[in-house]
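Worksheet: one structure, shown below.
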Amino acid sequence: MASTQHRASAGTTLTILDDPIVEPIDEPGRAVAPVSGRAPWAFPVVMLIAALVCWIIALRSIDPDDIGDYGLISAFPPAMFLAVGILTLSFCIAVNTRVRDEILAAHVLLLILIIHATPSITYGTLRYAWAWKHLGVVDYFHRNHALWPESPTLTVYHNWPGFFTFANHLTESSGLANAGSFAAWAPPFFELLYVLAIAAIISSLTTDRRVVALGVWLFVLANWVGQDYFAPQAFAYFLYLMVFVILLRWFRNEPAPKYFKGLRRRIQRRVGRALVEDPPPPVEVPEPQQRTPLLFFVVLMMIAIATSHPLTPFVLIAGLFAVAVTRTISVRVLPLVMATMTLAWLCTGAWPYVSPNARALFSEIGALGANVDSNLRNTSVVSDAQQLVSAAGRWVVVAMVALAGLGALRRLRVGRFEGAAISLMAAPIAVAIAGSYGGEVIFRVFLFALPFAAYLGARAFFPSDDSGRGVFTTFAMVVVSGAFLAGSFLAYYGKEQWTHFTRDEVRAAHAVFDDAPDNSLLIAFDRSMPYQFANYDRFTYVWVLEEPDSTVRRILNDPVASLEDWMDNPEYRRTYLLISRAQSEETAALGVLPAGTLETVREKLKASGAFDVVYDGPDATVFSLHPETAP
Amino acid sequence: VSRQLLCRAWALAAVAVTGLDAPSVIAFPVMFGFLCFVPGFALVSRLRLQPVAVEIAIAIGVSMALAAIVSEVLIYAELYSAFAATAILAVLTLAACARVAPRARTTQLT
């Protein structure tokens, strides 16, 4: 069978298919024609304003004290649901019309603000206990201008310090005392960056503006995993996306010349008719003067990733390997370059962490089932509400994968094999084989697969340029968006009972961390509290519920005597015990302790008079043993 | 020209607010914009990439990567200070503003 060749407009010759039943493309790089008619702007703009007004009204009446069994959703007034409902309806109608790109972008922007800025605005405090820890690492760099790679706690952050050095530079050069004043705004900030990057990625895969808009929309709807807070993962994830923005736009082979032809031929025979292809998007061919700087940017981002986050380099290696082996990109040495960088960093900058943990890390390699299972909570012991929250997150994952599969199949039916998107969606699974990543790997895999799954999901509605123009498609988009919204709201907001902290809890934590002397001891029942955000290196930490069961039982049976015994320890200059509302909420909701247990302990300790009460508020109490008993 | 001027002015402003310990209300927006955008924009502007949204995204990515790497190198070299890190990024920005490369051509590969 003779091969068909076309000379591209600027003189580049590529072999596409050697099957004559596929028609050549006559309109290279044409923009996709939107539906006919005048550009409607009034309806989406009015709807957009209505959604904005509803959201503002909702913000005024959200009270964090109303957070209940279903997290922040319990505190949402009807105006909040009306806002997302109006916005979803407006977007799904507008995406299939000639409405300006800026209006579609405004819909996505408002969705990001509604989902990710609402907690920042209404709480007034930083969410997530682990984000508070990250403030502590910045605080350490701020005070010492040095790393502490052998630190007994937070070790990993000193071994991959890129994000923290960046945050410290911003904090210190801005004259701020700590990063707490801006960290709460990290989720909307990083989500905006992700959307910018993902729009660029999708627009390098298609010229159909509807697919770009819907792909980005689906990403925001389904991204419930909450990896956009003040953390190295958020930073490295954006850089990961940007690597593929450059590679897919300027270093792409399209179509992949070798591997997919046989598969495409078989599909065409099965369909039994000539398949019509929509044109691939134009490839920016860089001039020699541009090629080197663009590759330099890629390498720069790869270095930042390798030195900022332990997991993302491995996902990037897998992704680069996938696009190299499928010949999606022309620079096929990059996975080797990234692997070399990663190995070099593991053996140098991260060696203080890798060396003592190597045995444990290597023992997880290959145990895919165990690694995935370690991420999934045993829902039989949690409350009914938390069972629903947990199920919602899993169903969003399943639904997005199913939608992406449908999109890939519908693309096959119109003669396009989405090799790049499928390989990049599948590549992160490789890291689940490599380790459990502290029990989080399955949802990190979902995070890295999501941009490409969202693109394929959008293709389920718009498999070709001239499809999906009818009312049914709009109706289907509304239904699917509504389902994702419901699932993601539950999964994303469903744990706010203990991932958000009241001002009282924050004041209690400051009472511990602000002025503690060196060599202090902090005891808490679990980690659901603001902690380690300042002077973290002055403390030794004990988490009661991580002790053996017999010890926990002994403390719960006689908390005054047991804790007094622990805290009356001459090895420490000062000892603290912090009991808070969030700890109580988490342990009860997850079935770790019966509801009310920690309140009972708190009251017994207060009534005993055996401890100094350093701070006592409605949501938290800090006990300290009489300082004079410690040396 | 206006892009180069913007980058140069912003770089000098960043050095000034860091060196003079400007109040946070002024320093934070200047430094946030500088660290997240300006050095990368100065470098990316040389390439005249299209479309602008992609150019901005790359500028942000390059700036953040560059800022992280510069601070890391200084910390590992035990030479870190906020002023030194800002000054190095400002020098890189000013150097990147010196020359402009030609624009990419767009080709349809089919």
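In what follows, every chain begins at residue 1, and chains take the letters A, B, ... in the order their sequences are listed.
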> Relative to chain A, which segment of B:Leu20 carries a heavy atom at a distance below 4.5 Å: side chain, backbone, both, or neither?
Replying inline: neither
>> What part of B:Leu43 gets within 4.5 angstrom of chain A, counting heavy atoms only: side chain, backbone, both, or neither?
In response: both
>> Looking only at heavy atoms and a cut-off of under 4.5 Å, which of A:Gly162, A:Ser308, A:Ala197 has the most pairs with chain B?
In response: A:Gly162
>> Under a plain distance cut-off of 3.5 Å, with no hydrogens placed, do A:Ser203 and A:Arg249 share a side-chain donor-acceptor pair?
In response: yes
>> Using side-chain heavy atoms (C-beta onward) and a distance below 4.5 Å, is A:Leu241 in contact with A:Pro451?
In response: yes
> In terms of heavy-atom proximity below 4.5 Å to chain A, should B:Phe83 be classed as side chain, backbone, both, or neither?
Replying inline: neither
>> So which residue, B:Gly19, B:Gly61, B:Ser81, B:Pro51, ends up with the most heavy-atom pairs under 4.5 Å with chain A?
In response: B:Gly61
>> Does this structure show an ion pair linking B:Glu55 with B:Arg3, if we count only N-O contacts that are shorter than 4.0 Å?
In response: yes
>> Less than 4.5 Å to any heavy atom of chain B: does that hold for the side chain of A:Leu170, its backbone, both, or neither?
In response: both
>> If I measure from the heavy atoms of chain B, does A:Ile305 come under 4.5 Å with its side chain, its backbone, both, or neither?
In response: neither
>> Other residues, nucleotides and ligands only: do more than 12 of their heavy atoms fall within 6.0 Å of CD on A:Glu102?
In response: yes
> Taking it one step at a time, do A:Thr307 and B:Glu72 satisfy side chain to side chain donor-acceptor pair (under 3.5 Å)?
Replying inline: CA-CA 9 Å; A:Thr307 60; B:Glu72 272 184 300; 2.8 Å; yes
> With no hydrogens and no angle check, do the side chains of A:Thr312 and A:Gln233 hold a donor and an acceptor under 3.5 Å apart?
Replying inline: yes
>> At a heavy-atom distance under 4.5 Å, which candidate from A:His145, A:Met301, A:Met302, A:His169 has the highest pair count against chain B?
In response: A:His169
>> Looking at chain B, which one of A:Phe296, A:Phe235, A:Phe166, A:Phe182 has the largest number of heavy-atom pairs inside 4.5 Å, strictly under?
In response: A:Phe166
>> For A:Thr171 and A:Phe141: C-alpha separation, side-chain torsions, deciding distance, then whether side-chain contact (heavy atoms from CB on, under 4.5 Å) applies.
In response: CA-CA 10 Å; A:Thr171 305; A:Phe141 288 175; over 6 Å; no
>> Can you tell me which portion of A:Leu176 sits under 4.5 Å from chain B's heavy atoms? Options are side chain, backbone, both or neither.
In response: both
> For chain A, which of B:Val30, B:Val17, B:Ile26, B:Val44 has the most heavy-atom pairs under 4.5 Å?
Replying inline: B:Val44
> Under a 4.5 Å heavy-atom cutoff, which of B:Gly40, B:Pro29, B:Pro23, B:Ala65 has the most pairs with chain A?
Replying inline: B:Ala65
> Which answer fits B:Ile69, side chain, backbone, both or neither, if we ask what part of it has an atom under 4.5 Å from a heavy atom of chain A?
Replying inline: side chain
> What residue, out of A:Phe164, A:Phe163, A:Phe189, has the most heavy-atom pairs lying under 4.5 Å from chain B?
Replying inline: A:Phe189
> Which pair of heavy atoms, one from B:Ala85 and one from B:Ser71, lies closest together, and at what distance?
Replying inline: CB-OG, 4.1 Å
> Where the side chain of A:Asn159 meets the backbone of A:Pro149, is there a donor-acceptor pair that is under 3.5 Å apart?
Replying inline: yes
